[in-house]
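Report on one structure; see the data block that follows.
To find a chain, count down the sequence lines: A is the first, B the second, and so on, and within it residues start at 1.
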Protein chains: 2
Amino acid sequence: MNERSSKSLSGSLAFGSEHNHSLCIEEALDHAKRVCEEGGERFTNLRRQVFELVWAEHKPVKAYDLLSALASKRSGVAPATVYRTLDFLQAQGLVHRLESLNAYLGCSHPETDHQGHFLICENCEEVRELELGAFMQSIAAVEDAQDFRVRRMTIELFGLCKRCQAANSGPDPTLP
Amino acid sequence: MNERSSKSLSGSLAFGSEHNHSLCIEEALDHAKRVCEEGGERFTNLRRQVFELVWAEHKPVKAYDLLSALASKRSGVAPATVYRTLDFLQAQGLVHRLESLNAYLGCSHPETDHQGHFLICENCEEVRELELGAFMQSIAAVEDAQDFRVRRMTIELFGLCKRCQAANSGPDPTLP
DNA sequence: TCACGTGATGTTATAATATAACAATATGTG
DNA sequence: CACATATTGTTATATTATAACATCACGTGA
């Protein structure tokens, strides 16, 4: 993949008050355009619109919510429109699907060839994307021990982010 | 069929020709009964039937396939019947849901309090359940590095099992 | 025993998620 | 421009899951 920078889209993971989300989206858009150009794919109007909607927040978005949002921006929007476009964006590595949530999320580490791995806060719904490195070693060990060759994976960790741990200190009432 | 193994459900992971699946199911049933008794829950006819159907193969089963199979054994079977029963079995830790497949699988490690983690062969569909241990350290490291407290997780690794790596040329002709 | 409360199951309806199949349109290339 | 192909529009339907309420079954205490 592109080696221009080894950094994530800048600021995309710093969701504090200083996070400049307009800039964040703009960078993501620039990146998407470049990825498509380099892959000989067209970053059409529809694809850009869906991409922008996915990036509107740093939270997973449901396909049918995208559908509604998209329908307010253009006509002739049907489920297939959204799913096809999401499929395209996923194929370009620009968007991930969260299997546990049936939802989609803009990729925060687009510079590296990777699969998404996620920390999902059960309280505030914020999702943080991890680099694969964290699990590399465990996965290698599992492959070795089990004679299994891993080709792709779904890793989604649910829990409490730092902020929500602070807010919910003490026993969590939602626990079983 | 009537020989007893002293090991919990350990035979269930040896899916070779020596795997005694009748015994495997029988053990799983015994275990399920015990879990329910100990938890003050009833292992009713319906629950037993669904449990047996989930255990019929060591492969993930779709809810609506269970529905059909169940409908051939009793009357008055509707989606809610199956989903409610699966929810119950999951709550007892007797069955896992595979998020990436929208499918369900009998738990192979019922003796330990755990969450399921899976190796899923893309060729033969066989699923192997892992113990959490394999990922413990990585998860602890992620929690530490990210200030995140993990409470539950979905870990599903897709690839090729040992047999299918060896056989590996094109799709398995015995598959549907 | 039997009425009662609760948990389990039956039943109907509908929500939420996703894909198939084909038609129409747009785009780049010769 | 004409053509081939990618993209999008359109209609229909498949798949997965839950809501809401009725009925049944089981254990408990009067």
Handout entry: B:R47 side chain to B:R42 backbone, donor-acceptor under 3.5 Å
Key = yes
Exercise for the section: Could you tell me whether B:T44 contacts a base, only the sugar-phosphate backbone, or nothing, with contacts defined as non-hydrogen atoms closer than 4.0 Å? Expected result: sugar-phosphate
Problem - Distance test, side-chain N/O of A:Y104 to OP1/OP2 of C:dA18, below 4.0 Å - result: yes
Problem - Nearest-nucleotide 5' precedence on DNA chain D, B:A103 against A:R74 - result: A:R74
Practice task
Answer with base, sugar-phosphate or nothing: what part of the nucleic acid does A:F43 contact at a heavy-atom distance below 4.0 Å?
Solution key: nothing
Exercise for the section: For A:E37 and A:K33, run salt bridge (charged side-chain N to carboxylate O under 4.0 Å, His left out): C-alpha distance rounded to whole Å, both residues' side-chain angles, the deciding distance at 0.1 Å, then the answer. Expected result: CA-CA 6 Å; A:E37 274 164 20; A:K33 279 176 205 154; over 6 Å; no
Handout entry: Listed nucleotide nearest any side-chain atom of A:Y83, set C:dT19, C:dG10, D:dT8
Key = C:dT19
Handout entry: B:D87 CG - D:dT16 C1' separation (whole Å)
Key = 13 Å
Practice task
Please state how far atom CD in B:E41 lies from atom P in C:dG7, giving the value in whole angstrom units.
Solution key: 10 Å
Exercise for the section: Would you mind reading off the distance between A:L70 atom CG and D:dG9 atom C1', rounded to a whole angstrom? Expected result: 12 Å
Handout entry: Contact under 4.0 Å: A:K62 side-chain N or O vs C:dA16 OP1/OP2
Key = no
Problem - A:A80 side chain, from C-beta outward: closest of C:dA20, C:dA18, C:dT11 - result: C:dA20
Practice task
Please tell me which of B:N45 and B:P79 maps to the more 5' nucleotide of DNA chain C, matching each residue to the nucleotide holding its nearest heavy atom.
Solution key: B:N45
Practice task
Could you tell me the separation between the CZ atom of B:R47 and the P atom of C:dG7, rounded to a whole number of Å?
Solution key: 11 Å
Practice task
Please examine the side chains of A:V50 and A:V95, heavy atoms only from C-beta on, and report whether any two atoms are closer than 4.5 Å.
Solution key: no
Handout entry: Other residues, nucleotides, ligands: >12 heavy atoms within 6.0 Å of A:Q137 CD
Key = no
Handout entry: Atom-pair distance (CG on A:L46; P on D:dG9), nearest Å
Key = 6 Å
Problem - More than 12 heavy atoms from other groups under 6.0 Å of CZ on A:R97 - result: yes
Handout entry: Side-chain donor/acceptor contact of B:Y64 with base of D:dA17 under 3.5 Å
Key = yes
Problem - Whole-Å distance separating the CG atom of B:N102 from the P atom of C:dA18 - result: 8 Å
Exercise for the section: Just call it for B:R42: base, sugar-phosphate, or nothing, with non-hydrogen atoms closer than 4.0 Å on any strand. Expected result: sugar-phosphate
Exercise for the section: Would you mind reading off the distance between B:R48 atom CZ and C:dT9 atom C1', rounded to a whole angstrom? Expected result: 15 Å
Practice task
Measure distances between side-chain N and O atoms of B:R84 and base N and O atoms of C:dG10, and say whether any donor-acceptor pair falls under 3.5 Å.
Solution key: yes
Practice task
Can you tell me the distance, in whole Å, between the CG atom of A:L98 and the C1' atom of C:dA18?
Solution key: 17 Å
